[in-house]
Amino acid sequence: MKKLKSILLLCLTVLFTAAPCLAGCGQNEAITISVKVPRATMMNSVSHPDVKDAKSFLSLAGEAFAAQYGEQVTVNIVEFALGQETVAIANTFHTEDAADILYDNFFNMFSFIHTGNAVPLDDLLTDELKADLNKKYVSGGTLDETLYMMPFSSTQNILIYNKQLLKACGLDRFIAAQQSIQNWTIDEWTEILNTLAEKLLEGSYPMMMYAANNEGDTHIMSYLRAFGSEIFDEEENFNLQTEQTVQALTWMQNGVNNGWYLPRPQNRTMTQCGDMFEDGKLAFYHFNSGSSLYTEASAQGGTEKYGFVNYPGNIATFFCSGFEVFDNGNNHKIKIAKDFVRFVFEQKEWLEYSAGHIPVSTAVAQRYKEDIFLLKEFYENSVNEIHFSHNNPNWQGSDNSVRSIFYQEIAKLFEKNVDGTFAVTPLKCAEELNKVLNEAIAYGREHSTPHA
């Protein structure tokens, strides 16, 4: 009996001695937070010029965050190919590969609010941040007055042109004498593009145009506004069956026969056009502070080699880049993910990495206003900015989204029959675009279940 009591006493002693470890060991286990970001997302930060892309910035911030956090945390930065949000994000929720945080462009991220995967971030907006962050860009991250996306920087989309190619074709009078973002009338655009098509050397072309995939398709959408179309109605539906939209589509289609684009633009990509521009064989290309051309133009002062102009119709677009936090069924991970975003915004060292694009922080913009290339011109040109997605659901992230459909219909606009006639008329293209894009939005609204 005494022997049995001794054994029981020994067992209880071991159990109570081990209890603190059993209770605490789980808390000391390292937790990995996955932050996903599209590959080659540029930073161009004048505050830290050695950091060239978002992955590098996020990696540095992640290491600093983990070092000061009260738990063992690893911040794992995962890159995915541009335009692959469906595969890398939407298809991985609640799996081992799921993102806890997404750093991306808002138009790629907004759909995840409607699917209920993004969590509200209102608690991250301190009074100090509310006073500092540009309200225009903060509102772009909200749905029904709830903040789901924290804006870090903003980007304005315009066109860049090769001054030497215009000069070689006798178009000097259209080149601005001083650094500015220009506007030309449609008649002037037509004259410029026709002259370039006639006089450029063989193998060189006037204007970018592409429709092989959804890369850069939102820039092509800007052309639909060239003749004054708003492209959306008051209820945020597409309104493309208008005289102005058909005029724009006709103007775009005529560019094929007029020699404005690389042959068979329906088979071209944005990247191919970008390579042609950098090789000096394309006169006009897309431009914003996230492109590699921004760094080159900035280094040259912007006036020697390049000029800048709004899209036909005096259109510029803008989008924010920033953070979104996802619910993958682990509340502890959600807390840590939100703490990481809070860390980036509340520590000035990390917020200043936004100085290179258009900073959302007014304090950062003020501090670096003399160093950020074209910042003054971007601000002045904001009167021409169009919010191209209107924060519509199902814009990106599914096979039936707006961006999965739009480029395919534009490709048909440029395709030709065997006899050389176009496969579809601009009117037919407008009708089909209106139908399928509104179906995509309607599907998104019908299945919209934002996270509470």
Side-chain angles (χ1 to χ4, degrees), residues 34-66 75-85 88 99 101-106 108-109 150-158 160 215-216 219 269-279 285-302 304-306 308 318-324 340-341 343-345 347-361 364-365 367-375 377-378:
S34 175
V35 182
K36 292 195 178 183
V37 58
R39 188 174 298 119
T41 301
M42 303 299 291
M43 291 300 295
N44 298 328
S45 178
V46 298
S47 63
H48 297 80
D50 54 317
V51 176
K52 303 297 184 184
D53 56 55
K55 181 184 179 182
S56 299
F57 152 65
L58 293 168
S59 296
L60 292 169
E63 291 172 4
F65 170 75
V75 181
N76 185 31
I77 312 301
V78 180
E79 282 190 315
F80 59 90
L82 288 170
Q84 292 297 305
E85 281 78 10
I101 299 172
L102 174 62
Y103 181 89
D104 201 347
N105 303 324
F106 278 13
N108 286 330
M109 299 161 63
M150 281 289 285
F152 188 70
S153 64
S154 180
T155 301
Q156 188 178 110
N157 303 297
I158 56 174
I160 184 172
E215 181 189 10
H219 306 314
T269 66
M270 181 180 176
T271 298
Q272 288 174 323
C273 290
D275 291 342
M276 290 285 289
F277 185 87
E278 293 191 25
D279 289 342
Y285 184 61
H286 165 71
F287 178 81
N288 63 37
S289 56
S291 72
S292 58
L293 290 167
Y294 179 84
T295 304
E296 181 181 343
S298 176
Q300 296 180 1
E304 179 181 339
K305 186 175 181 180
Y306 299 120
F308 309 95
F318 78 94
F319 60 83
C320 288
S321 298
F323 296 86
E324 198 170 36
F340 173 70
V341 177
F343 174 78
V344 170
F345 279 83
Q347 302 293 321
K348 293 182 179 180
E349 173 188 357
W350 305 109
L351 194 56
E352 288 189 353
Y353 276 80
S354 63
H357 302 278
I358 304 171
V360 172
S361 165
V364 172
R367 179 173 181 179
Y368 292 97
K369 64 181 180 180
E370 301 299 330
D371 302 312
I372 301 175
F373 178 57
L374 283 181
L375 182 63
E377 288 76 11
F378 283 141

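Worth knowing before you read on, the calculation uses all heavy atoms, side chains too, and leaves out hydrogens, waters and symmetry mates. Model, not experiment: these values are computed from the prediction. Residues: numbered from 1 along the sequence shown.
- In plain terms, the two heavy atoms of L102 and M109 that are nearest each other are CD2-CG, 3.6 Å.
- Across A365 and L375, no two heavy atoms sit closer than the pair O-CD2, 4.1 Å.
- In this structure, the side chain of Y294 engages the main chain of F373 through a donor-acceptor pair within 3.5 Å.
- S298 places none of its side-chain heavy atoms less than 4.5 Å from the side chain of V46.
- Side-chain atoms of Q156 come within 3.5 Å of backbone N or O of F378 as a donor-acceptor pair.
- When N108, T155, N105 are each tested for a side chain to side chain donor-acceptor pair (under 3.5 Å) with S321, only one passes: N105.
- Taking both residues in full, the closest heavy atoms of P151 and F345 are given as O-CE2, 3.3 Å, listed atom of the first, atom of the second, then distance.
- To the nearest 0.5 Å, atoms CD1 (I160) and CG (L374) are separated by 9.0 Å.
- With 3.5 Å as the limit, one finds no donor-acceptor pair spanning the side chains of N288 and S291.
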Begin from the C-alpha positions of N157 and F319 and carry the test side-chain contact (heavy atoms from CB on, under 4.5 Å) through to its verdict.
CA-CA 8 Å; N157 303 297; F319 60 83; 3.4 Å; yes
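- Within the 3.5 Å criterion, the main-chain N or O of E79 finds no donor-acceptor partner in the side chain of K55.
- Here the straight-line distance linking atom OG of S361 with atom CZ of R367 works out to 10.5 Å at 0.5 Å rounding.
- Taking 4.5 Å as the limit, some side-chain heavy atom of P38 sits within range of a side-chain heavy atom of E85.
- The side-chain heavy atoms of C320 and S154, taken from C-beta on, include a pair separated by under 4.5 Å.
- A heavy-atom distance below 4.5 Å is found between the side chains of L58 and F323.
- Aromatic ring pairs are classed by plane angle as parallel below 30°, tilted from 30° to 60° and perpendicular above 60°; the pair F277 and Y306 is parallel.
- Note: F287 and F308 have tilted aromatic rings, judged against thresholds of 30 and 60 degrees for the angle between ring planes.
- Between atom NZ of residue K36 and atom CG of residue N76 there is a gap of 9.5 Å, rounded to the nearest 0.5 Å.
- The shortest non-hydrogen separation linking S354 to V364 is OG-CG1, 3.8 Å.
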Can I358 and F318 be said to form a side-chain contact (heavy atoms from CB on, under 4.5 Å), step by step?
CA-CA 10 Å; I358 304 171; F318 78 94; over 6 Å; no
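- Within the 4.5 Å cutoff, the side chain of D104 has no heavy atoms near those of the E324 side chain.
- For T271 and T269, the side-chain atoms include no donor-acceptor pair closer than 3.5 Å.
- Rounding to the nearest 0.5 angstrom, the gap separating the NE2 atom in H357 from the OG atom in S153 is 5.0 Å.
- Put simply, OG on S292 and NZ on K52 are 11.5 Å apart, with the number rounded to the nearest 0.5 Å.
- Between F57 and W350, the ring planes lie tilted relative to each other; the angle falls in the 30° to 60° range.
- Residues S45 and V51 have side chains not in contact (no heavy-atom distance under 4.5 Å, counting atoms from C-beta outward).
- Between F152 and L351 there is a side-chain heavy-atom pair separated by less than 4.5 Å.
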Could you please spell out the steps behind the side-chain contact (heavy atoms from CB on, under 4.5 Å) verdict for I77 and Y103?
CA-CA 10 Å; I77 312 301; Y103 181 89; over 6 Å; no
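- Here the CG atom belonging to L82 is positioned 6.5 Å from the CD atom belonging to E215, to the nearest 0.5 angstrom.
- Inter-residue side-chain proximity for Q347 and F65 is flagged as unmet; no heavy-atom pair is nearer than 4.5 Å.
- Using modelled atom types and a 3.5 Å distance limit, the side chains of Y285 and E278 yield no donor-acceptor pair.
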